[in-house]
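Following: one structure in structure tokens, then a few remarks.
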Amino acid sequence: MILTFTLLCCFGIILVACVGVANETNPDEGTTSTDTSVVPSDGNEGKPTLTPTERQTIYLWDDDKIPAWRGNLNGNDPADFRPHILTYPAQGEIKGAVLICPGGAFAYKSIQSEGYSVAERLSALGYQCFIVSYRLSPYRQAESALDLARAVRYVRYNAKAYGIEEKDIAIIGFSAGGILCGEHALNWKGTVSPTLLDSSYVPDVIDGVNADIAAVGHIYSFYGRLSVSNNNVETLRAGNLPPTFYAYGTRDPFYSQFNQNVEATKQAGVMVESHIFEGQPHGFGAGNASSNWIPLFDRFLTNIFENNQGKLI
């Protein structure tokens, strides 16, 4: 009991209200999604229209086709929850896409400070943003990663509609959301199929799309599992990880683990950029005057996308 409480406190104890899929509202603007029933644009007739210039809630699968699905098992999501993304259209010239994974110890999602606020700022800088609402505990980390992989595939499948190059897709996560990004980068990118977890699942056209990403952002997070960083250099090297951005504070209870993970990732041959904010605790979200990481991430990602010569499998 004490261990569980400690993990929840350390990894993202930022009190927010989870919102329903049928009425996904940004408290900052008071606006609702323009279409709350969009499903993947997989070529089937009768699907609601994808509107890249408007905010939309997009369900990642049809209700009866979600792999490894056992229903909503977590009381912090609405009873009718199913994995989805909330889009934030880029403003001005489009640089690429960023998928955002809020944290919350896999027990809830800090959707306000690590979702809406971040998407607002990044979309204003020219990024097509997608907040990923993934499965929570008691689903496993791997099952949550199915949702993130599907979201990456969905964005890539619709890259032309979103005005981005297929290669220019990055993922960024906060606390547990960053761990989820690491799980994806290590084990669920490329052409890994959902059938690995659900042999009864029948893949569709989107499942055949490559789920590689151009970069990973760890905001007070690391490669590993909840509260335990993976500093095995050989494991990280074998993961063939993309360029990785770290931002964290010196007052974070995981400060030493962040430092260790940064060094291990560098030793694994990964391109790494890290920023340490003096006196900052866990959970600063979109940042403040003493943890203004977003302009740094913008510079990092702009360089990655402008020089992105990677080829998809």
Side-chain angles (χ1 to χ4, degrees), residues 17-24 33 35-44 46-48 50 56-87 99-111 115 130-158 169 171 173 176-211 213 225-226:
C18 291
V19 294
V21 175
N23 187 26
E24 195 120 24
S33 351
D35 188 339
T36 60
S37 61
V38 177
V39 293
S41 176
D42 58 4
N44 295 334
K47 301 297 184 184
L50 172 67
Q56 295 181 291
T57 296
I58 299 171
Y59 297 108
L60 296 173
W61 288 277
D62 289 322
D63 286 355
D64 58 346
K65 296 180 180 179
I66 306 174
W69 181 247
R70 304 188 302 279
N72 178 19
L73 305 177
N74 186 284
N76 289 310
D77 280 319
D80 60 351
F81 170 82
R82 48 193 169 114
H84 63 278
I85 53 178
L86 175 62
T87 69
L99 282 75
I100 302 164
C101 297
F106 292 106
Y108 64 96
K109 289 182 281 283
S110 296
I111 197 73
F130 305 83
I131 301 173
V132 183
S133 195
Y134 53 90
R135 280 172 260 194
L136 299 172
S137 177
Y139 281 104
R140 297 169 298 170
Q141 193 167 306
E143 292 164 331
S144 301
L146 283 181
D147 303 334
L148 178 53
R150 177 73 171 190
V152 171
R153 291 184 168 114
Y154 173 83
V155 172
R156 177 159 289 125
Y157 185 79
N158 292 287
I169 299 175
I171 57 177
I179 290 174
L180 177 60
C181 290
E183 172 73 9
H184 172 88
L186 285 166
N187 301 311
W188 292 95
K189 60 181 181 293
T191 56
V192 177
S193 173
T195 56
L196 189 64
L197 288 185
D198 184 352
S199 60
S200 67
Y201 177 70
V202 179
D204 61 18
V205 64
I206 293 179
D207 292 309
V209 175
N210 189 289
I213 64 276
R225 57 187 175 84
L226 194 61

Hey, could you give me the [atom1]/[atom2] distance between [X] and [Y], rounded to the nearest 0.5 Å?
X	Y	atom1	atom2	result
Leu146	Leu196	CG	CG	8.5 Å
Leu136	Asp147	CG	CG	9.5 Å
Leu60	Lys65	CG	NZ	14.5 Å
Thr87	Leu99	OG1	CG	11.0 Å
Asn210	Arg153	CG	CZ	7.5 Å
Ser144	Ile179	OG	CD1	11.5 Å

Contacts of type salt bridge (charged side-chain N to carboxylate O under 4.0 Å, His left out), residue Glu183, not counting sequence neighbours: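 Scan of Glu183 (salt bridge (charged side-chain N to carboxylate O under 4.0 Å, His left out), adjacent residues dropped) gives none.
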Partner residues of Asp63 under the salt bridge (charged side-chain N to carboxylate O under 4.0 Å, His left out) criterion, sequence neighbours left out: Arg82
Results of side-chain hydrogen bond (donor to acceptor under 3.5 Å, both in side chains) for Ser200 - residues two or more places apart only: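 Expected list: Asp198.
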Student check: side-chain heavy atoms of Leu197 and Trp188 closer than 4.5 Å: yes
Side-chain heavy atoms of Ile131 within contact of Pro102, under 4.5 Å: yes
How far apart are the closest heavy atoms of [X] and [Y], and which atoms are they?
X	Y	result
Leu73	Pro138	O-CD, 3.4 Å
Leu50	Asn158	CD2-OD1, 3.6 Å
Ala176	Gly104	CB-N, 4.1 Å

Salt-bridge present (Arg150, Asp204; N to O < 4.0 Å):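 Looking at Asp204 together with Arg150, the answer is yes, because their closest N to O distance falls below 4.0 Å.
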Looking at [X] and [Y], would you say the former's side chain and the latter's main chain have a donor-acceptor pair under 3.5 Å?
X	Y	answer
Tyr134	His84	no
His184	Ala211	yes
Asn74	Ser137	yes
Asn72	Asp80	no

Stepwise side chain to side chain contact (heavy atoms under 4.5 Å, CB included) check, Ile100 with Val132: CA-CA 6 Å; Ile100 302 164; Val132 183; over 6 Å; no
Charged tip of Arg135 within 45° of Tyr139 ring normal and under 6.0 Å: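 So Arg135 does make the cation-pi contact.
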Phe81 six-ring face occupied by Lys109 cation (under 6.0 Å, within 45°): yes
Criterion side chain to side chain contact (heavy atoms under 4.5 Å, CB included) on Val209 and Tyr154, from CA distance to verdict: CA-CA 8 Å; Val209 175; Tyr154 173 83; over 6 Å; no
With sequence neighbours excluded, residues passing ring-ring contact (aromatic ring centres under 6.0 Å, His included) with Phe130: Tyr162
Residue list, side chain to side chain contact (heavy atoms under 4.5 Å, CB included) with Pro203, at least two apart or on another chain: Ser193, Thr195, Tyr201, Asp207
Results of side chain to side chain contact (heavy atoms under 4.5 Å, CB included) for Ala185 - residues two or more places apart only: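 Scan of Ala185 (side chain to side chain contact (heavy atoms under 4.5 Å, CB included), adjacent residues dropped) gives Ile213, Val216, Tyr223, Leu241, Pro242.
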Pair Ile85-Ser133, side chain to side chain contact (heavy atoms under 4.5 Å, CB included): steps then yes or no: CA-CA 6 Å; Ile85 53 178; Ser133 195; over 6 Å; no
Worked verdict on Arg140 versus Glu143 for side chain to side chain contact (heavy atoms under 4.5 Å, CB included): CA-CA 5 Å; Arg140 297 169 298 170; Glu143 292 164 331; 3.3 Å; yes
